[in-house]
Amino acid sequence: MNETVAALLREYAELTVITGGDPFRTRNYERAARSVAGHPVDIGELDDGALQRIPGVGKSIAAKIAEFRDTGSIGALEELRARIPAGVRELTRVPGLGPRRALQLNRELGIGDVTQLAEAIKAGKLRDLDGFGVKSEERILRGLAVLNTERVTLDVALDTATSLIGALAPLSERCEYAGSLRRWRETIGDIDILAATRDPAAVTAAFAEHGDEVLVSGPTKTTIRTAGGLRADLRVIEPEVWGAALRYFTGSQAHNVAVRALAVKRGLKLSEYGLFRGQDLIVSRTEEDIYAALDMGWVPPPMREDTGEVEAALRGEIPALVQLPDIVGDLHTHTDLTDGVASLEEMIRAAERRGYQYYAVTDHAPNLVMQRMTDEKMLAQRAELSRLDSSMELLHGTELNIAPDGSVDWNADFLAAFDIRVASVHSHFDQDRREMTRRFVAACENPYVNIIGHPLTRKFGRRYAVDVDFGELFRACARTGTALEINASPARLDLPSGHIRAAKDAGVKFAIDTDAHSVPQLANLKYGVGTAQRGWLTAEDVVNAWPLPRLREFLVKRA
DNA sequence: GCCGTTTTCGGCCCGACTGTTTTCAGTCG
């Protein structure tokens, strides 16, 4: 309910921008959307008074939420939808193309979706419009390249998979998701569900009911398109072949090819039904059985990409990957002092419920002007933090801004008084590789910078990665004792796994952090852990898996 | 549309960059 309503409020805000309404009103709808999405309890349960206590929600928005709860739609939103040509909102998804120009393109060229937009640019039609030029065409083209409508982020995929499994599990002996989601790939193209059952027809029927559309339907395989537009595959199997099927449908294809080749070399046959010698089944019940029968250790799904894990498993050298419970603190979080939606105390209480040993509050620093941070506000937060009783050790930190020349906010004295400092790039994303590399290296060499936050600064579908010489960055991190963040936000997953492995080889340590701006986002940590597992990390590599004394030692950099 | 060292309406998140202008609009974080 919260995410649904938040999406409607966001849509309302976007549509008011397109119509050119009061920008403060728009901003308030955006704020209400963020608050609702980050609200810790289901807003469907709240009465009018409780709704209006959500920050940014007053009389009018509370009424709209109640209207949606009671009728399933919001009249004012429907009116706006009717007034604005379909497709204009889709066009505003393109980075570099905002609401005004999207509307202009629709009015003057009749462009109604991204495909038509791409065609119009190819035909050189945009450059002749008022306010457009060749550079605008190039900019929008780059935006189109980063916009990927085919894949979804991990949180969307996991929510969909979880709800499907919830419906099928009561009818199955076992039911789990496989495929790229089980491997924690960073974005997901379609969802694979595996169900072991004696009653395939019932499971298949329940699955089909969850689709907007049934694309394929047979005795063992059914494909639907969900209401969210995501494709989901169901494979129905006999319980006896669970392990073989789960392994097969988890992939990756490259991993499966490599493992099957091993089987063939031993005169065996491997399929989704089991490991066979001739017609004789050897094993099929569990994944462990199958790998063991091939003289390999079990390979954790995130490693199954045929990037060395098969050889490692044959040598018995699969690393003990870092696990979610190994993480004993979050080192990058925000509050409503800057752009978070929950108070300091709310965030801390929620973190306590996760059982952390320590927790760092790292609100934005002054050079990100829109956040309106001041020395006084930061010191007041520190005082408030020291007054709070907590089962966790509370660390006062900040997220600094790495300026184009590599410098950060505040002077040395002020920086030294924090327990921990994350530093991130928030502007000037288009520097060339030399400048950008120098910028990051300078930040690493700053004696107070402990963690480089979301190093690529990419956002799926919204922003491409910065151009950096990663080899040089990794060496600088290792040399200076600066950790790289694995930002667990499903929109970022930054660093990605390929870079993680290279950085680890260079001797870098990591911090898996949520960058949470609300209470529910604290639970995003699992996506960061999955990404770290894809990068073959162990708890030893991750500074926030360490006990506090060891972490504190790491936070004091050597000159 | 919301909010208030609040009672009735003014202020709310600011500044830089870009490309297209000829003084600025659009977009972004």
Side-chain angles (χ1 to χ4, degrees), chain A residues 8-10 12-36 48-49 51-65 67 74 76-77 80 88 91-105 126-143 146-147 334 336-341 363-374 377 380 399-405 409 424-431 453-454 456-459 461-464 466 489 491-492 494 515 517:
Chain A
L8 294 174
L9 294 175
R10 266 195 301 272
Y12 195 89
E14 286 170 16
L15 294 178
T16 59
V17 177
I18 296 170
T19 56
D22 174 11
F24 291 109
R25 188 167 158 252
T26 302
R27 190 182 299 163
N28 196 68
Y29 272 96
E30 287 166 355
R31 180 177 177 219
R34 277 201 312 276
S35 291
V36 166
D48 201 52
L51 281 177
Q52 290 194 38
R53 280 194 293 278
I54 297 172
V57 176
K59 238 175 134 166
S60 170
I61 293 181
K64 288 187 174 73
I65 295 173
E67 182 187 352
I74 299 172
L77 177 59
L80 270 183
V88 173
L91 293 179
T92 66
R93 295 272 171 282
V94 180
L97 185 59
R100 312 308 291 239
R101 300 205 155 171
L103 189 61
Q104 184 186 358
L105 290 178
L126 266 59
R127 63 187 64 174
D128 299 330
L129 298 182
D130 267 0
F132 285 83
V134 176
K135 290 287 183 66
S136 314
E137 289 185 343
E138 288 169 4
R139 183 172 143 97
I140 294 171
L141 216 46
R142 271 193 304 168
V146 80
L147 184 80
H334 295 274
D336 60 8
L337 184 62
T338 53
D339 56 353
V341 300
D363 271 316
H364 288 285
N367 294 353
L368 196 59
V369 184
M370 61 191 276
Q371 304 290 350
R372 298 185 133 194
M373 179 53 75
T374 62
K377 282 162 116 173
E399 182 182 12
L400 302 163
N401 307 290
I402 307 177
D405 66 356
D409 317 58
S424 315
V425 165
H426 290 124
S427 66
H428 300 84
F429 304 105
D430 288 328
Q431 281 182 313
H454 47 71
L456 268 59
T457 75
R458 67 167 180 186
K459 285 189 179 178
R462 299 190 50 194
R463 195 193 302 148
Y464 39 86
V466 294
S489 164
R492 293 186 184 269
D494 182 8
D515 194 2
H517 286 68

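Every chain is numbered from 1, with letters handed out A, B, ... down the list of sequences.
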In whole Å, measure the gap between the C1' atoms of dG15(B) and dG10(B) for me. 23 Å

Contact class for Val134(A) vs. all strands (heavy atom < 4.0 Å): base, sugar-phosphate, or nothing? sugar-phosphate

Tell me what Leu368(A) touches on the nucleic acid: a base, only sugar-phosphate, or nothing, going by heavy atoms under 4.0 Å. nothing

Would you measure the distance from the C1' atom in dC9(B) across to the matching atom in dA16(B) and give it in whole Å? 32 Å

Cation-pi check, Arg10(A) onto Tyr29(A) ring (under 6.0 Å, within 45° of axis): no

Can you measure from NE2 (His517(A)) to OG (Ser489(A)) and round to the nearest 0.5 angstrom? 9.0 Å

5'-most to 3'-most nt of DNA chain B touching chain A (<4.0 Å, heavy-atom partner on protein side) reads dG1(B) to dG29(B)

Would one find more than 12 heavy atoms of other residues, nucleotides or ligands at under 6.0 Å from atom CG of Asp130(A)? no

What does Asp130(A) touch in the nucleic acid at a heavy-atom separation under 4.0 angstrom: a base, only the sugar-phosphate, or nothing? nothing

Sticking with atom P, work out how far dC13(B) lies from dG4(B), rounded to a whole angstrom. 12 Å

Comparing nearest nucleotides in DNA chain B, the 5'-proximal residue of the pair Pro55(A), Val369(A) is Pro55(A)

How is Arg27(A) classified with respect to the nucleic acid when contacts are heavy atoms under 4.0 Å: base, sugar-phosphate, or nothing? base

What interatomic distance, in whole Å, is found between C1' of dT7(B) and the corresponding atom of dC2(B)? 16 Å

Can you tell me how far C1' in dG26(B) sits from the matching atom in dT21(B), rounded to whole Å? 13 Å

Using the C1' atoms only, state how far dC12(B) lies from dT6(B), rounded to an integer number of Å. 15 Å

Report which part of the nucleic acid Ser427(A) touches: base, sugar-phosphate, or nothing (heavy-atom distance under 4.0 Å, all strands). nothing

Within the 3.5 Å criterion, strictly below it, is a donor on Tyr464(A) or Arg142(A) matched to an acceptor on the partner's side chain? yes

Do the ring planes of His364(A) and His334(A) sit parallel (below 30°), tilted (30 to 60°) or perpendicular (above 60°)? parallel

Under a 3.5 Å limit on both distances, the Watson-Crick or wobble mate of dT8(B) is none

Partners meeting salt bridge (charged side-chain N to carboxylate O under 4.0 Å, His left out) with Arg25(A) (sequence neighbours left out): none

Could you tell me how far dG1(B) sits from dT8(B) if I compare only their P atoms? Round to whole Å. 22 Å

On DNA chain B, compare the nucleotides closest to Phe132(A) and Gln371(A); which residue's is nearer the 5' end? Gln371(A)

Can Arg127(A) and Glu138(A) be said to form a salt bridge (Lys or Arg N to Asp or Glu O under 4.0 Å), step by step? CA-CA 10 Å; Arg127(A) 63 187 64 174; Glu138(A) 288 169 4; over 6 Å; no

Pairwise P distance for dT5(B) and dG11(B), with rounding to whole Å: 15 Å

